[in-house]
Structures are given as structure tokens and as C-alpha cells.
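Structure first, then comments.
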6 protein chains.
Amino acid sequence: MKHVIVRNTPRPGPDAVRLLGELGVATVHEAQGRTGLLRPYMRPIYPSARAAGSALTVLCQAGDNLMIHAALDVARAGDVLVVVTTSESTDGMFGSLLADSCLAHGVRGLIIDAGVRDVTELAEMNFPVWSKAISAQGTVKATPGSVNVPVVCAGMAINPGDVIVADEDGVVVVARTAAAEVAARGEARREKEAQTRTRLQSGELGLEIYNLRVKLSQLGVEWIESAGLEPD
Amino acid sequence: MKHVIVRNTPRPGPDAVRLLGELGVATVHEAQGRTGLLRPYMRPIYPSARAAGSALTVLCQAGDNLMIHAALDVARAGDVLVVVTTSESTDGMFGSLLADSCLAHGVRGLIIDAGVRDVTELAEMNFPVWSKAISAQGTVKATPGSVNVPVVCAGMAINPGDVIVADEDGVVVVARTAAAEVAARGEARREKEAQTRTRLQSGELGLEIYNLRVKLSQLGVEWIESAGLEPD
Amino acid sequence: MKHVIVRNTPRPGPDAVRLLGELGVATVHEAQGRTGLLRPYMRPIYPSARAAGSALTVLCQAGDNLMIHAALDVARAGDVLVVVTTSESTDGMFGSLLADSCLAHGVRGLIIDAGVRDVTELAEMNFPVWSKAISAQGTVKATPGSVNVPVVCAGMAINPGDVIVADEDGVVVVARTAAAEVAARGEARREKEAQTRTRLQSGELGLEIYNLRVKLSQLGVEWIESAGLEPD
Amino acid sequence: MKHVIVRNTPRPGPDAVRLLGELGVATVHEAQGRTGLLRPYMRPIYPSARAAGSALTVLCQAGDNLMIHAALDVARAGDVLVVVTTSESTDGMFGSLLADSCLAHGVRGLIIDAGVRDVTELAEMNFPVWSKAISAQGTVKATPGSVNVPVVCAGMAINPGDVIVADEDGVVVVARTAAAEVAARGEARREKEAQTRTRLQSGELGLEIYNLRVKLSQLGVEWIESAGLEPD
Amino acid sequence: MKHVIVRNTPRPGPDAVRLLGELGVATVHEAQGRTGLLRPYMRPIYPSARAAGSALTVLCQAGDNLMIHAALDVARAGDVLVVVTTSESTDGMFGSLLADSCLAHGVRGLIIDAGVRDVTELAEMNFPVWSKAISAQGTVKATPGSVNVPVVCAGMAINPGDVIVADEDGVVVVARTAAAEVAARGEARREKEAQTRTRLQSGELGLEIYNLRVKLSQLGVEWIESAGLEPD
Amino acid sequence: MKHVIVRNTPRPGPDAVRLLGELGVATVHEAQGRTGLLRPYMRPIYPSARAAGSALTVLCQAGDNLMIHAALDVARAGDVLVVVTTSESTDGMFGSLLADSCLAHGVRGLIIDAGVRDVTELAEMNFPVWSKAISAQGTVKATPGSVNVPVVCAGMAINPGDVIVADEDGVVVVARTAAAEVAARGEARREKEAQTRTRLQSGELGLEIYNLRVKLSQLGVEWIESAGLEPD
């Protein structure tokens, strides 16, 4: 297992990233066929957290944040750090000092399948983080790992340069090469949803809009007036 | 297993519902003898969430929200949706479009033993939700289920027309026929608590107010001055 | 197993407590060699919660809060309640009435390895709580326990009179006799961090500041330009 | 909340119970339309555990097994104890002494949404138990509850006299009045499965037997020979 | 934080250890007033696992088993290893090679609040282990820790030389100085239980033996014949 | 998102697979630099379960096992099924009928990041399964997915044709192209371990064999004779 720090990886186009970020996690997830969503235990550390950028992946040993420092050496403005560990951990591998460094280099946020600390400060700095845990438990800087290699984060495979979109609904990853197409599909979906929304707000039912009444009948569901019915 | 959508179920009286909602979950739970509380994993999606209404129950297959659409066909103003699945799931079965529809029909909130998405929008719309998970994972509209049948939600049996009370402390269910009586008992409790509160705020001890000093002695608890005591 | 309520335990000096509280959990945890941190499942009930004080320990039976009332009989201004149960529980053993009593006696907060309720009211009262769960489930006042004895809370041994520091990052305990020394070390660390922070904010890398570039090479990590690299 | 011990409840017919027990959990669950299954955290304490009988339901306070003793007063040969608690608990509420008493009265097993102890002895006695936890933590006999009332156990509503079927696959409940019909449907299913089994064992594919090849095509699934395909 | 390896700690008397081991976890836990039980997530790696001995405590960094090797330098026949980590971990810190070393020095078993591996081999060697997880994830030998210092394991404070008793019901710790007394109380309890057992096996009810019928009435529990009763 | 069933994928050499299977999970995991291990929640359904083979990957919708049937159409002798779902699920997607089909086509076992049922029968058939859950909850055959595409299973990326090794310690994946080399390294490790084992069994300490005594001193660990030492 050679450990490497890859300096250059292709980044996604900024327009696609910006648009995907505007669309948000739920719409992007739908637009790419309901794939790419990280496990729902990944939660933002403050309510309004929102980020979109190019994945700068970091593979660390549990309890060791050496490679996060290494990653900042090859970071570019617009990146989002994606940090995973070789075995499960909730240690607080990232805090406000590293966030200072991130902000100085244009890094837009952190997705970490482990713990984070200094969360009050991170919220004040408006540096968004999605993590598995909040923990003050510190880490060492002693063990090698890799930067900008493929990783698995919260159950999802992520490649360097993939687009990360994160908000209060969670985190979704879009393959770099599919970013523009997914963004386009997401925009179309958003427009269609706006129309549906107007109809729903006026009181029209989803049953009518999606033509589900027939489907329910075909599936054998019966409307009954009331009843001494038994539990289903 | 016949699947049914029951159009008419008896609803609880609006006065009892309103009063139970004012009293809040902890007081209502006490007022009915510490029963009816859903498991504490059910959490509101935003801090100030608060709702009370008549249970409109929905039994869905995991990963399928068809029956939520069906439920809105028989919803009435003052209802609270109670959604459960036939096997465990964290998928985001409900989002802002369905909330638009709910608001258009006077539905006051959602209790869902699964996942929810668009939580930023739901908070902005002030549509309260208590769920097991937040997840952008979308669902299909393909499998039959039932509406307004008895269900089990987060460990508690709920009948259509039961009163749902939900706030930051969790979710409690009150049997429709007991609503007025529980509300009355809750009000009495609230008044008594107000008196106790004044005494406690003035520095009087619970030991005195509840006459616990004697009880502690009877139970063999000793007051000692200090000591090189061993762990208990 | 004799049950006792110990009236007098040595308290830590107020200056050390105040300083430790200012430093916060992450810095204090570092300053005492990364020890004393409670398990990360202990979370504050509202975002800005922050407390520091002398541990007033309470050992209760699960589902019974009798001994919390007993503890207030021996509480002093500046104490923080530390409540544990003899077996695991999520019941809501503490609510706004007990918080009224705490505030009347100068108790600064609650650390409870169980559940809490009335969390909206507690936030309004600005009474900080760190707990394992939020649950409206009430408890009885029937079973003996002890006050001011050594306990284990969320995986950490805590003695009466130890310093408790708690904020959004979690909860850390400092031995009473070590409080002044840990506070001094924490202050030194804070100053050093302030200098590091300035350098990081200006764009200098952690790799340079901590001299990690050599270390990475020694560990066999290679910088490569890019590549059709295989997953690590 | 009146606490009651109901002496007489209708029991299911012994033939239906016997047959349902033979069919086992998976088949019975299928035969009643995939309903009635308890949450999968309910596990047998030893591999060969297997039981079927009439539900004798017991509602206890967490940490208190008084009502299990009360239940044995109204137990009949062929019953299976179904024990739940008013709030979550893993305490060991049942051990080998209670199992002695159960065996003396013909009780066939225990389903408990809490903990159990003496599991080595219980296995030696061949007294089957399905529980949420194994824990030596003992309980008191101090708080009232009820026997033979409707309960919710591991997410499923259970009425006294319902049929409980339990094996290594988990626990399923069948409504008393549906027992004979579900048993008949289960038997039919078993016969059909035996035929399918023979075909599958001979190498025939499920694709052919269930006619799924066409379905896959209709769903847009493509067979491809191999490929530099991208992740789905 | 100085790291130390303590060579000599007082050990408990062998007769008390042997007797406590015979009595088993549930009886010992009762005999010392229902204290000392580790959290129930600690499970044996094979069904018949059973051990009793003197606690040889080991404090390791997560992901590092250096100090287990150090502990064997001061181990004595009759010890049981008690291994904890400074932050949560499921890594497999112990395997069959370390078990070989344990057996060569008379160590009777392992209690580890982390992971273990080679479990098939460990079962074949009849070396009993209670752990939080089974995981092949290996560890390094790089970070200092301590041996024979007080630790917290699975929620319980353990001192070097305390008696560890472990079987299928879990793990319980008895203070060294209390070992003989707890053993004596356990033996008395065992004899009394033998008598109760005979009565229960003959069909006598716990209600009679423990005189609970009166208690139930005092608590307001009513026996009713049957009924269209409502859920409790 | 096109759904595909890939007929032909390169398989690993049978000798490497056989040898990796003999070496077992812990040794293979070490031999490839402590990578490739699935999360430890994946557990065998019976103690002696053991398997090694070529990954036949299956991507299903949660609650739908259609694609497992499709996978058997392209299965070859020596394959191990690796089944994952698009969102989290514990449903029992696989039972004894599918195992019959597997055995008829030479499939050696199942790794499933979901649930399994008929576990008693599967153990009797000696068909090994590693799963996240055991559950009788059945599934439908209605939704498209893919076969022999890259998947993420229990936190690890797996490609079709990778080698799966599974035993009581868990599940590890070896890249197809690295199989022979990892097997060779594993064999060397096994031989070295055999020598270490002999020395450890004779009473020699790991401290001596691995030369750790000096390291402990360098790390500042002190041997002390005994002491009134304080907790670390």
C-alpha cells in the first residue's frame, strides 16, 4: 500500500458546481436517479450549513489528522475536504485552526466520516461541516495516509474531483464527468416542481396531479366510508 | 390483508385538542398516567416545532409514499399525519411539496417513523415534523397500503382520531375518547405545578415540598458530613 | 451497599473553575493530556449551552429521581449536577421544576447520563443540560441512592468536587487537585494557538508550522503529480 | 390508568398453533401478507430456540418484574409470555427461577422487549427466550402494571390470545381469529415452495420459474457482455 | 499524564475468586446489592465462555495494543486482562498470538471495551473473551499507556486487583476488599434460591412465595374475569 | 442511470482464492496493509461459517430482491454473492430457496448489507451468509437494479471479480489483480507467525520478541513497583 499525495486532479466546472449547490441535495439526488447519497448519519454541525465544491479526498488512520494537513498543501479554492479513516472513529480530527487554514485557501467545507470539534467557533466562522460525531477528543499527527485517492465515505464511493453537494438534508456526490448533465436535469426538475407546487398550494391533490387514483384501484386499495375495521 | 382508505373517522373535540397542545407533551404524558409517549428517537426537525391535532394514520411500504398522497384525499383541517412503514426505513418519504399540499388542506404537522427531506424549506414554511431520520433518499409511488387504520408508531399503538401532541420533548398520543378528561387533568396539574414552581424558585427544597426527608430515612439513606468513603 | 448523602466535599478554587470554563472543553481536554472527556453521545440540549463548576454527583436508580431532590439539599452555588443511573435509561429524570430549584441554589447546569424533559423551558431559562436523550417519560421518587460519591458518567470516572467543563464540544472532567495546573497549561496552550492561528489565517500551511513535510517523507508518503492511480 | 389482571382471555385453537409453529416465522409472515413481524432486534438467546403459543401479555414498569409473577397466576398450558415495559430498558427482568415457574405451568417461552439473565441455565432447561438484551441487572417487585391487556412489543401491537410464533428468524404475531386461516394459507405456501425448491435444486433459475426475464426487460435492465462500465 | 506500568498490586484471595466464579455473574451482582455490572454490550465470543480472576488493567490508545504486551510482563497466574482505550474503538486489538502468551502466563481471560479477532481460534483454545466487537482490523504498537491503574470499562470503574467474574450473562466487578464478603453473601443467596427453585418447580407461585398478592392489591391492581377492556 | 447485468467479468485465479480462504480474514487483512475490511457489523449467521470466492455484485432497491435472481443467471461456480441496497434496509432479501439455487450453480456464500431469513435452514444446508441483520421480512421482485457493477458494501468499495474472504472475524475484500501477491504475502506472514507462536507458547514475552522494552522507555513509560498512584 503506497501512500501518495496527488497534486493535480481534474476539477469539475465552476458553473455546474454552483448550480448543483443551488439545487440542493434532495433535487440533485433525484436528478441523478436517486444515487450518490451518503448515509443519513452524516449531519451538519449547524442548521444553515450549505456547501458545494470539488472533492479533495483524505484517507487518514483513525485518531490521526496528519493527512488533513497534507491535503491543504494541494488544496485549491472551491474544494471541499472529504475525510475518511481506515477504521471507525469518532475522534475530533478537525477544529477551528484547521478551518482557519481552509478558509485561507478557499476550501468551502468539510465532510468527515469521524468527529469534529470547536463547533461553536466553526459556526461563528460560518465554516460548514458534516460529520458522524462531535467530539473534543484530539488526535496525533503520526501515521501516513493518502490525499486525492478514491475513498468510501459514509457508504458511498467518492473520487477526487467529484462534486460534493451538502445541506441540511445530508450530503450527495456527483461524478465529475456527470456534473453538467445532472445539473441540467436538476434544473428541469426544479422548474417542473415549481409548477406542481403552485397546483398543490391551491389545494389540488397529488392523487390528481400524478394520476394515482386509478393506480390505487388497480392495486386493490378500497375507499370505505368508515368502519369497525380490524387492524391491518 | 385488504388495503383500505377510510374516509370518515371520528375526530376529537377542538377544545380538548387546543388545550392538550398548550399543555405540551410532558404535562399531557403525566396527566394520563405516564402512558402514550412515543420512543425518544422521534425528534423535531427544528427547535420550535409544536403541534397538536387528530391522527390521520398512514401505513406505507418502506420506500414508497403513495399512501401519503392517498391520505390527503381524506384529510381535514386539524389533522396531523402519522406515517409508519411495514419494515424499518430511513428514506425521506416526505418533502416540501407534500407539505404544500398539507398546508392547503389544514394539516398541522407530520409524525413519521422514517425519514423526511427538504428540512430547511419545511422550517421556513413552519411545517412541523417529528421523524426518525433526515434523509434526501427519495421514494416511489408503487405499493398499496392503508389510511386511517390502527398503526404502531415508534413503539406506540395509535388509532385514527387519537390526539397527537408534539413539541421539543417528543410526541405523545391521547385516546380520542379520553382527550377531554386528560386535558382537564393536565390543566389541574399545570396549576399545581405553578404553585410548586413559586416555592422552588424561592429556594424551598423539593425534599420539603414533597416530604421526602422522612422517606429517605425510611429507605436507609444516611446523611454524613464528609468522608473517605468508598465508591457506592 | 450503604446509601449516603455526603454534605461536605472539598470544592475546587473558583478562579481555576472560571478559567477552565473560559478555555472550553477542547482546550482543557488537550491541556490535561487528552484525558477526562465523556463519551460523545452526551450532547447539549441547546446550541449555546456552556457551563463550568464543581461536580455534585448523584447516583439514582433508573426511572427514579428521588436522589436529585436529595442532592439539592447539599448543593452550593457553583455546583454542576452530575447524574447517573444504576442501569441504562433514557427516562426524563429532570425538568423545569428541578431547574427552578437549581437556579435558586446557584447550581450552574446538569450533566445526566439519562434523559431530560421540558427542554424548551430549560432553554428559555438558560439552564444548560448535557444528556444522553430527550424524553418526556417521567420518573418516580421511590428508591434510595447516593449523593456526592464517586460515579461513572458516560464512560468517565467522576469524583465529587471535580471540575466539570461543558460546551458544544461535549463534557470534560478535571480532577479537583489538578484544576489550577490544568488551567495554567490551558492558558499557555491558548496563547500558543492564537499565534498559530494568525499564521494559518495568513495562508501559511500546517505542514510548515509543524514541520510535517519531512515527517511525511520519512513515513514514505510520496507527492505525485496526478495519475491513473488505483484505489488505496 | 387502572391496572388490571385479566383472568380469562380467549385462546387460539391448539391445532392452528401447532401448525403455525411447524411452518415457522418466515412462512407465517408471508402467509398473512407480510404483516405481524416484530422488529429484528428481538433475538433468541440460543440457536435452536423455537416456540409457538398463545400470547399472555404483561405490561411492567422498566426495572420491575412484579407483573410477571402476577401473570403466572393466570397462565395456562400453551401460553407464551409477552413482556413489555412502559419505558425502554435492558434490565434482566427474567431468569431461571421464573423459567422454573413457567415450565411448571406449561408456559412455552418468553418474548421480552427488555433484558433476560441466567441464559446458560435457560438454554440447559430448553426454555426459549427472545429478547432485546442479555443483562444480569436485576429488578425490583414494587410497581403495578397489567396482565392480559393489549400491548406494543418491538413495534408490533399484540392482543392477549394472539398466536406467537418464534424461531431463529425472529418473532411473528397472528391475530387469534385469523390463526386457522393463516395456518391454512401457510400450508399451501409450504407445498408450493417444496415444488419450487425441487426445480431450483435441479439448477433451474428463478428468472424462469417466476418469469422475470420479461419483467427485467420491461424495466429497462440490459444484459451486456462485459465492459469498462461506470459505477451505477 | 505520566504513563506507568505497576508491577505489584494486591491480588484477591484465590478461594473468594473461585467461589465467585462458581456463583456466576447474576448471583454475584445480586449479592453485592446490584452494583458492579458492566454495560450489556459486552458479550462473550463463544457461548460457554466463563472466567473469574484478578483484574490486570490496561489503558491503551485506540488502535494501539502496545500496552497489552507490556501488561503481560507483570501478569500473574489467575489474572484476567481488562483492556480499555482512551477513545472509542472497535479495532481488533487482541488475537490468538496474544492468547498464546496469556495462556503461557496463566492469564484466564480478557475483558476488552474494543474489538477482538481470531475468534474461531480463541474458541478452539478455550480462551474466553468478552468484547464490544469482533473485528479483524489490526493495530499498531506505537503509543504509550498504562498498566495496573484504575480504569473505566463499559461504564464501570475497575481497580487493579478487583475480582472480575464473567459468563454468558455479562461481566461483573467486585472490589478486592469486598470479595470474601460478597462471596459469602452469594453462597447464602444460592442456597436460598435452591429452596425457592424447588417450590417453583412444584408449581407454587411466586405470588405466594414472595407474598405479592397483598402488595398487588395495595398497589391498586385488580383481578378481573375477562373483558372488553381498553388498552392500558 | 442505466441498469445493466454484466455477463462476463474477469474472475481471480482459483489457487489464489483457495489460499486466501485458508489464510482467513485477519491474516489477509494484514497481508494487504490493513485495508479492505468491511465494517464489523457484518456477522456470520452461524459460528463455523467460512467462505472465499469471486465477488458477484448485486445492486438492489431496498425491499426488492429481483436482481438477486438476475444475478444467478450470470453466476459461475466459485462466486460469492455481494448484495447491497440503494438505501438502508434490514429486510430479509434472501432465504433457503435462493440458497438452493446458489448451491445448484456453485455459488459459495452470500455477503449482504441487509437482512437474511431461514437462518436455521441455511445453517443446516451449510450455506454461509454474512449479514447486517436477520429478519423474516419478505421482499418484492419489482424494481430494476444492476449485476456485476462496482458497489459499496458495509463501507468498502467492491468490484466484480474481487476476492471475498469471510470467516468468524468478518469479511475482507482483495482486489482481483492483487490476489496472488496478497496470498503470497499472507503465506509468508503465516509462517512467521507460526514461529512467533512457538516462542510465545513457551512463555517468551512479546516485549522481548518485538523489542518493545526500549520503545516503552523512549515513550516515557515507567515501571514502578506498586503505589498509591492516582488514576491516569
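Chain A is the first sequence line, chain B the second, and so forth, proteins listed ahead of strands; every chain is numbered from 1.
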>> Evaluate E/E168 against E/V25 for side chain to side chain contact (heavy atoms under 4.5 Å, CB included), listing each step before the verdict.
In response: CA-CA 8 Å; E/E168 272 197 273; E/V25 171; over 6 Å; no

> A/T143 pairs by side-chain hydrogen bond (donor to acceptor under 3.5 Å, both in side chains) with which of A/N65, A/T86, A/D64?
Replying inline: A/D64

> What pair of heavy atoms forms the shortest contact from E/P160 to E/P150, and how long is it?
Replying inline: CD-N, 3.9 Å

> Closest approach of E/V80 and E/V107, non-hydrogen atoms and distance?
Replying inline: CA-CG1, 4.4 Å

> Hey, which of A/T9, A/V6, A/I5 is the one that makes side-chain contact (heavy atoms from CB on, under 4.5 Å) with A/V74?
Replying inline: A/I5

> Any residues in residues 117-141 of chain A near chain E, with a heavy-atom distance under 4.5 Å, and which are they?
Replying inline: A/Q137, A/V140

>> Which residue is it: E/H105, E/R108, E/R11? I am looking for the one with a side-chain hydrogen bond (donor to acceptor under 3.5 Å, both in side chains) to E/D79.
In response: E/R11

